[in-house]
Amino acid sequence: DGCGHTVLGPESGTLASINYPQTSPNSTVCEWEIRVNPGQRVQLKFGDFDIDDSDACHSSYLRVHNGIGPNRTEIGKYCGFGFQMDGLITSKSNEVTVQFMSGTHTSGRGFLAAYSTTDKSDLITCLDNASHFSEPEFNKYCPAGCVIPFADISGTIPHGYRDSSSLCMAGVHAGVVSNTLGGQINVVISKGIPYYEGSLANNVTSKAAPLSPSLFTFKTSGCYGTLGMESGVIPDSQITASSVLEWSDRTGEVNIWKPENARLKRAGPPWAAFISDEHQWLQIGLNKEKRITGIITTGSTLAEFHYYVSAYRILYSDDAQRWTAYREPGVDKDKIFQGNTELYQEVRNNFIPPVVARFFRINPLKWHQKIAMKVELLGCQYSIGRAPRLTVPPPPPSRNDDSIHSVKTSLQTDKTTFTPEIKNTTVTPSVTKDVALAAVLVPVLVMVFTTLILILVCAWHWRNRKKKTEGTYDLPYWDRAGWWKGMKQFLPTKSAEHEETPVRYSSSEISHLRPREVPAVLQTESAEYAQPLVGGIVGTLHQRSTFKPEEGKEASYADLDPYNSPIQEVYHAYAEPLPITGPEYATPIIMDMSSHPSTPLGVPSISTFKAAGNQAPPLVGTYNKLLSRTDSTSSAQALYDTPKGQPGPGAAAELVYQVPQSVAHSTGSKDE
């Protein structure tokens with residue numbers, strides 16, 4: 001009769017003396033027999049120890065034994081007020097007996113202890129809180145059974161818990177560990193907040209509390225998102241129920257509390273069953289298998305209708321035909337979840353281990369006035385391989401297709417408790433090979449493309465530098481006339497109409513032409529080069545050149561009379577620039593006009609020098625001008641040839657000119 005709070009799990013548990021933390025009664029005794037899996041050993045840790053030692057542990061004490069039964073051996077006998085046990089008590093086998101004896105005493109709270117297998121080296125007790133640890137982040141192992149009535153917590157997820165809260169009890173409230181199984185927690189300490197809200201979750205009530213210096217939260221897998229009831233991702237057609245409440249109000253309007261009304265935080269009435277009994281259910285289809293980690297429920301949320309479900313159980317299925325009731329591992333009966341205590345408050349329950357299913361049912365077992373509720377499911381996608389199931393023979397057929405079949409714990413555990421194995425199968429071997437191949441190929445391809453780009457950039461840069469090194473008035477080696485002339489012999493023969501043909505003009509024909517008509521006579525096919533403008537016959541010429549002289553008057557032109565010529569025609573006496581694609585200056589045509597009747601003796605040729613000013617210098621005593629110009633807009637490259645024949649004084653009356661080699665297209669004469 002001396003046993004207090006006790007939860008004995010397969011790997012861990014919690015035990016306390018009767019009436020703890022109050023004074024234990026006199027003359028009581030309790031004995032706990034603890035067994036873990038064979039091959040493992042048990043370790044025991046005390047969270048609080050306060051036993052009267054007035055008679056030297058004679059009538060009041062705590063004794064620990066190796067083994068169970070008459071063959072057990074004593075490990076130690078303990079008593080004392082505020083006794084501090086350093087370290088852990090470790091057994092030699094997988095069985096331990098703990099015996100508590102309370103004699104006559106006036107004070108003493110008794111004890112609270114936790115146990116686990118020896119592989120849980122970071123074991124703590126249900127009484128430890130965040131203020132006991134100085135690290136900003138740490139991992140600890142919580143034993144089973146830490147939902148205790150004498151411990152308090154304040155706060156909720158995701159905001160965090162007050163630092164005075166029990167770590168393990170807060171872990172149960174947050175849904176990161178199971179009260180039945182215990183488990184590992186990863187705690188993060190941060191700055192406190194001004195106010196901590198209270199809530200009900202996993203049968204643990206968190207109380208509201210004021211500001212604290214620090215708070216703590218838990219690191220989790222992140223599989224706690226909503227699955228679509230509130231948001232509408234789950235369509236109305238996937239929400240069904242065993243029955244629907246229909247009723248008419250005072251105005252005669254019919255109210256139907258349909259299954260699709262069971263969406264959390266949606267305004268309006270909830271889903272309600274027409275008949276309130278233990279055979280009613282609300283079913284939610286998820287289209288495909290999902291990992292379901294929790295559920296949130298409320299009542300009707302209508303002030304005039306105080307309807308809510310206070311207890312329920314969970315069933316799930318892959319085909320909506322065969323249903324499995326949720327059970328905790330190691331427990332041979334269906335788990336009963338605590339529901340709402342009033343119609344507004346949201347109550348959360350988590351599934352540890354999670355449920356993997358396509359169809360989900362809620363079966364109300366207790367309710368207030370009528371069965372009515374709104375629901376949201378928590379979880380995430382389930383896209384990785386499911387752990388292998390055990391082959392179980394099918395049960396005998398039943399007339400009711402919606403019958404509920406309770407499956408033994410072994411099947412339940414195989415279906416949902418393989419978290420480490422699931423993590424190990426997130427990358428298959430074939431995927432690993434592909435990743436390794438990609439890790440090699442990607443850098444190689446990047447290097448190849450980078451090299452090609454560098455080569456192209458260098459070639460472009462080298463070409464630009466070569467262009468810059470060429471003189472302004474010089475031609476690239478590939479544009480030189482000699483090169484082009486040498487290449488012409490390899491080109492196809494031109495058509496007859498484009499063949500190079502000498503054009504002959506008689507001196508008499510030239511002499512009878514007006515100056516403006518001469519360019520038209522001399523103009524032939526468009527040349528591949530620019531011809532110089534010939535601005536008349538200059539009486540005094542110097543060395544032949546196409547360079548433009550300095551501006552200003554020349555001394556040799558000072559005595560010339562600009563009014564001797566009857567026709568004032570102004571032409572440039574120097575070559576115009578060539579097109580961008582051609583040579584940058586033209587080779588002059590040298591015409592020997594000494595034998596022409598109108599040409600005075602002593603004038604050997606025509607020069608392309610420009611006289612000072614904007615007009616060409618006239619010839620003294622000369623009335624005829626020879627003007628010739630060829631359009632310089634041709635884009636092809638060409639070569640000037642000197643006139644055929646060497647006319648001089650007394651030469652024949654004909655001048656022979658070589659027509660430029662050109663591309664076949666016509667250009668008009670330009671008048672200056």
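Count residues from 1 along the sequence.
With hydrogens and angles ignored, the 3.5 Å screen pairs no side-chain donor or acceptor of D163 with any backbone N or O of L215. The backbone N or O of G145 sits less than 3.5 Å from a side-chain atom of H5, completing a donor-acceptor pair. Side-chain atoms of S199 never come within 3.5 Å of backbone atoms of T156 as a donor-acceptor pair (strictly under, hydrogens ignored). Between the side chain of N202 and the main chain of V172, a donor-acceptor pair closer than 3.5 Å is present. Of the possible polar contacts, none joining the S166 side chain to the N129 backbone as a donor-acceptor pair under 3.5 Å is found. Checking side-chain atoms of R361 against main-chain N and O of Q283 turns up no donor-acceptor pair under 3.5 Å. Checked by atom type and distance alone, the side chain of K370 never pairs as donor or acceptor with a backbone atom of S276 at under 3.5 Å. Looking only at distances, no side-chain donor or acceptor of T226 sits under 3.5 Å from a matching main-chain atom of G228.
The closest side-chain donor-acceptor pair between N66 and E74, if any, does not fall under 3.5 angstrom. A donor-acceptor contact closer than 3.5 angstrom is absent between the side chains of E33 and T97. A donor-acceptor contact closer than 3.5 angstrom links the side chains of T6 and W32. A donor-acceptor contact closer than 3.5 angstrom is absent between the side chains of S24 and S17. Residues N340 and T297 have side chains that bring a donor and an acceptor to within less than 3.5 angstrom of each other. Residues N349 and Y312 bring a donor and an acceptor atom of their side chains to less than 3.5 Å of each other. Looking only at atom types and distance, the side chain of T14 has no donor-acceptor partner in the side chain of Y115 under 3.5 Å away. Side chain to side chain, Q43 and S116 meet the donor-acceptor criterion of an N or O pair below 3.5 Å.
Residues I185 and Y141 are not in side-chain contact: their nearest non-hydrogen atoms beyond the backbone lie 4.5 Å or more apart. Within the 4.5 Å cutoff, the side chain of Q345 has heavy atoms near those of the L200 side chain. L127 has its side chain within reach of I148: a pair of non-hydrogen atoms, C-beta onward, lies under 4.5 Å apart.
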Exercise. Using the side-chain contact (heavy atoms from CB on, under 4.5 Å) rule, take E376 and I295 through it: C-alpha gap first, then chi angles, then the decisive distance, then the call.
Key: CA-CA 6 Å; E376 178 62 278; I295 181 174; over 6 Å; no

Quiz item: When you look at R327 and D332, which way does the salt bridge (charged side-chain N to carboxylate O under 4.0 Å, His left out) test go after all the steps?
Solution: CA-CA 7 Å; R327 294 179 177 179; D332 58 356; over 6 Å; no

Exercise. Starting from the C-alpha separation in whole Å, work towards a yes-or-no answer on side chain to side chain donor-acceptor pair (under 3.5 Å) for Q280 and S243.
Key: CA-CA 7 Å; Q280 304 303 310; S243 63; 2.7 Å; yes

Exercise. Let me see the working for R348 and N350 under side chain to side chain donor-acceptor pair (under 3.5 Å), right down to the final yes or no.
Key: CA-CA 7 Å; R348 173 174 46 85; N350 292 93; 2.6 Å; yes

Practice problem: Just do the salt bridge (charged side-chain N to carboxylate O under 4.0 Å, His left out) check on E230 and R263 with the steps written out, would you? | Solution: CA-CA 5 Å; E230 178 185 348; R263 297 181 183 272; over 6 Å; no

Practice problem: Before giving the answer on salt bridge (charged side-chain N to carboxylate O under 4.0 Å, His left out), spell out for E260 and K374 the whole-Å C-alpha distance, their side-chain angles and the decisive distance to 0.1 Å. | Solution: CA-CA 9 Å; E260 52 265 34; K374 294 181 180 180; over 6 Å; no

Practice problem: Could you give me the CA-CA distance, side-chain angles and deciding distance for E137 and K219, then say whether salt bridge (charged side-chain N to carboxylate O under 4.0 Å, His left out) is met? | Solution: CA-CA 10 Å; E137 182 175 345; K219 281 189 176 181; 2.8 Å; yes

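Taking the six-membered ring for Trp and thresholds of 30 and 60 degrees, F305 and W257 have ring planes more than 60 degrees apart, a perpendicular arrangement. Y161 and H173 have perpendicular rings, their planes meeting at more than 60° on a 0 to 90° scale where under 30° would count as parallel. Ring orientation note: the planes of F111 and F46 are nearly perpendicular, at an angle over 60° on the 30°/60° scale. Under the 30°/60° scheme for interplanar angles, the aromatic rings of H368 and H306 are found to stand perpendicular.
The number of heavy-atom neighbours closer than 6.0 Å to NZ of K77, taken from other residues, nucleotides and ligands shown, is above 12. In the displayed structure, K258 atom NZ is contacted under 6.0 Å by at most 12 heavy atoms of other residues, nucleotides or ligands. When the shell of 6.0 Å around CZ of R41 is examined, it contains 12 or fewer heavy atoms from other residues, nucleotides or ligands.
Contact check on R313 versus D334 returns a salt bridge, with a Lys/Arg side-chain nitrogen under 4.0 Å from an Asp/Glu carboxylate oxygen. A salt bridge does not link R35 with E11: none of the charged nitrogens is closer than 4.0 Å to a carboxylate oxygen.
Between F337 and Y326, the distance separating the two ring centers is shorter than 6.0 angstrom.
When all heavy atoms of L302 and P270 are compared, the pair lying nearest together is CD1-CD, 4.3 Å. Considering every non-hydrogen atom in both P25 and S102, the closest pair reads O-OG, 2.7 Å. Between C168 and V177 the shortest heavy-atom distance is O-CG2, 4.1 Å.
With C126, the cysteine C142 has an SG gap of 2.5 Å or longer.
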